[in-house]
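Every heavy atom of this structure was used, including side-chain atoms; hydrogens, water molecules and symmetry mates were not.
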Amino acid sequence: MTTTPALCRRDFIIAAGSVALAAAVPHPAIAAADPIGLRLIAKPGRVPIVGSPHPETAVWGYGGTVPGPEIRLSQGERLRAVVENRLKEGTTVHWHGIRVPNAMDGVPRLTQDTIQPGASFTYEFDLPDAGTYWYHTHDNSPEQIGRGLYGPLIVEEPEPPKVDRDVVWVLGDFRLLRDASIAGGFENRMEMAMAGRIGNTVTVNGKVAKDFTVRAGERIRLRLINAAAARVFALEFRGHRPFVIAYDGQPVEPHEPEDEQVVLGPAMRTDLILDLTGKPRDRLPIIDPFYDNLTYRLVTIAYSDETPLPRRTAEDIARLPPNTMPEPDLAAAERHEIVLEGGMMGGGSQGGMMGGGMMGMMRGSAMWSINGVAAMAHDLMPSIKLRRGATALLAIRNETAWYHPVHLHGHSFRVVTRNGKPTRYREWRDTVLVPPREQAEIAFVADNPGDWMIHCHIPDHQEGGMMTVIRVA
Ligand code: C2O
Ligand code: CU
């Protein structure tokens, strides 16, 4: 019934490919202040995901590469990008996490018409906040993200923290066949009703990675971006003590991650300060044990034999300067519920897949819902209306048996409670990972007018109905 991955995940990830990560840095950054702006061409390409002796993989990417080119500008600058569609189907670009004007948000049928094959669309907007963001397709996302249409977008602080290196890792996940081609069978209904399409090949900057070469004593700002469609990462830095300094681009009080795991649901980002406290020639792994019995090594931190740089102490890790979101006024907040239902083994009145639900699913009816409604991409209607300038408090309740990274467009929000308890850092985010049967409350000032999607960022769940629209007017 399901599309069986042709390869055992673990074997493939670990045995295949062995690209040193130094060779896998993103393509030359597209710099600021180019008056013409940049040109992103969505098109097919061939890239060495696994590395020789495996053949190259046919992908869809910006510029034909995966990830697409790194866009790096400074806070306050204006981004102008001409997106040209050389695919055989419509596409759009969403600037994930950037508080853009509604018309620049890239949601087909809601904020713009899809960009037809052969056509172009120009996106242009200011970058109000510094941080680690990304851009990706927002049309036919299960397949277009699954084939590689995403890239990193870095907005630098006016005075970035002092580090020896600023490193971006775009984490990807592909389902490859033995010939290293991408398996078809997107939107398999059984998978859609479970965790979504998880691949068998994890990539860092578009390649299966082996070594990340460092020098003892270095301090690195590591910007992690989960661009995978459905995979959750829980990274453990064995032998190191990374500090989190930002979530989803937004500064947070520097702290060590809970349970020594950096957890990233789809679409989420984490900025770390990583002090390389090992000795020359040490080899220390980063492992990911998120899925039971599928622990694998993402990459090995490989120390060179250069003389160590002077050691730093964790005490001098400074908080990043704040961004520009207005502070939510919780006392005056309008409260709305966002109840997530559906999926296999799920509860709920509308979307439950047990009993009659299974037959409904196989017949093609919706499998996921928000507040009892399974939205369809061609028919998006606002279900929540917010007064412009008001503080909104959204109480998200996951009544399903699956993880959902819930993403709000056009705003960043504070995560104020989890399961009824105040969060320690009241972190700003644009995507909150809600585990099965758990709850999270988020708060923000609805200061950006327009119709904004809120949806699960696992494309298979989104397309299965787990999305709705919030109107700010
Ligand atoms: Cu990153 Cu609606 O998406
Ligand atoms: Cu989901």
Side-chain angles (χ1 to χ4, degrees), residues 21-22 24-34 37-40 61-63 65-81 83 93-100 104 106 123-137 148-172 203-206 212 219-228 242-252 254 262 264 266-274 318-325 407 412 428-431:
L21 209 51
V25 285
H27 327 280
I30 291 174
D34 178 346
L38 55 112
R39 200 170 186 82
L40 286 177
Y62 296 108
T65 67
V66 178
E70 176 179 303
I71 303 171
R72 188 179 279 259
L73 296 105
S74 296
Q75 184 174 13
E77 283 189 300
R78 197 164 173 81
L79 186 157
R80 184 171 191 277
V83 174
V93 175
H94 173 60
W95 311 91
H96 185 115
I98 306 281
R99 297 185 298 132
V100 296
M104 297 291 114
Y123 294 90
E124 187 168 3
F125 49 86
D126 294 328
L127 299 164
D129 302 307
T132 301
Y133 304 93
W134 64 303
Y135 59 94
H136 63 80
T137 172
L149 282 164
Y150 50 76
L153 168 53
I154 308 301
V155 184
E156 291 186 334
E157 298 84 11
E159 286 179 49
K162 288 200 179 34
V163 292
D164 299 305
R165 270 197 284 167
D166 182 318
V167 174
V168 179
W169 285 1
V170 179
L171 305 175
T203 54
V204 177
N205 297 335
F212 173 57
R219 169 168 284 182
I220 290 178
R221 177 181 188 164
L222 183 56
R223 302 174 186 260
L224 300 168
I225 301 171
N226 184 357
F243 277 73
V244 176
I245 57 168
Y247 287 121
D248 295 351
Q250 308 305 329
V252 66
V262 180
L264 296 132
M268 297 166 76
R269 289 89 65 214
T270 302
D271 283 36
L272 299 173
I273 294 289
L274 179 63
R319 202 185 164 117
L320 293 168
N323 274 327
T324 63
M325 290 81 66
H407 171 49
S412 290
W428 288 102
R429 283 195 163 283
D430 55 58
T431 307

| note | Output for pair (Arg221 CZ, Asp271 CG), nearest 0.5 Å, gives 4.5 Å
| request: List for me each residue that meets ring-ring contact (aromatic ring centres under 6.0 Å, His included) alongside Trp428, sequence neighbours excluded, and say none if there are none. | output: none
| Side-chain touch Leu73/Val155, heavy atoms, less than 4.5 angstrom | no
| Which residues pass the side-chain hydrogen bond (donor to acceptor under 3.5 Å, both in side chains) test with Thr431, sequence neighbours left out? | His96, His407
| Atom pair CZ/CG of Arg165 and Leu274 - distance to nearest 0.5 Å | 10.0 Å
| said: Taking the side chain as everything from C-beta on, heavy atoms only, tell me whether Ile225 gets closer than 4.5 Å to Thr132. | reply: yes
| said: Please find the pair of heavy atoms, one from Arg319 and one from Pro251, that lie closest to each other, and give the distance. | reply: NH2-O, 4.4 Å
| task | For the residue pair Asn323 and Pro128, establish whether any side-chain heavy-atom pair is separated by less than 4.5 Å. | result | no
| query | What's the spacing between Tyr247 OH and Leu264 CG if we round to 0.5 Å? | reply | 9.0 Å
| message | I'd like to check the side-chain hydrogen bond (donor to acceptor under 3.5 Å, both in side chains) partners of Tyr150; sequence neighbours left out, ordered by chain and number. | response | none
| remark: Tyr135 meets the ring-ring contact (aromatic ring centres under 6.0 Å, His included) criterion, sequence neighbours left out, with Tyr62, Trp95
| Does Asp129 reach the main-chain N or O of Thr324 with its side chain, forming a donor-acceptor pair under 3.5 Å? | yes
| Any side-chain heavy atom of Val204 within less than 4.5 Å of one from Leu171? | yes
| field | Residue list, side-chain hydrogen bond (donor to acceptor under 3.5 Å, both in side chains) with Asp248, at least two apart or on another chain | value | Arg429
| remark: When every non-hydrogen atom of Pro266 is compared with those of Ala228, the smallest separation belongs to CB-O, 3.6 Å
| task | Please report the closest heavy-atom contact between Pro152 and Pro67, naming both atoms and the distance. | result | CD-CB, 4.1 Å
| query | Side chains of Tyr123 and Val100: closer than 4.5 Å at any heavy-atom pair? | reply | no
| task | Would you please name every residue forming a side-chain hydrogen bond (donor to acceptor under 3.5 Å, both in side chains) with Asp126, sequence neighbours left out? | result | Arg78
| task | Search all heavy atoms of Ala246 against all heavy atoms of Val252 and return the closest pair with its distance. | result | N-CG1, 3.7 Å
| task | For residues Ile220 and Val167, report the shortest heavy-atom separation together with the two atoms involved. | result | CG2-CG2, 3.7 Å
| task | Hey, could you give me the CE/CZ distance between Met325 and Arg99, rounded to the nearest 0.5 Å? | result | 6.0 Å
| Under 3.5 Å, is there a donor-acceptor pair between the side chain of Thr203 and the main chain of Asn205? | no
| query | Are Leu272 and Val244 side-chain neighbours, meaning at least one heavy-atom pair lies under 4.5 Å? | reply | yes
| Interatomic spacing from CZ in Arg80 to CE in Met104 - rounded to 0.5 Å | 10.5 Å
| message | Between Leu153 and Leu79, is there a side-chain heavy-atom distance shorter than 4.5 Å? | response | yes
| message | Using only atom types and a distance under 3.5 Å, with no angle test, would you say the side chain of Asp164 pairs donor to acceptor with the backbone of Arg219? | response | yes
| Heavy-atom side-chain contact between Arg269 and Tyr133 under 4.5 Å | yes
| remark: Taking every heavy atom of Gln75 against every heavy atom of Pro158, the minimum-distance pair comes out as OE1-CD, 3.3 Å
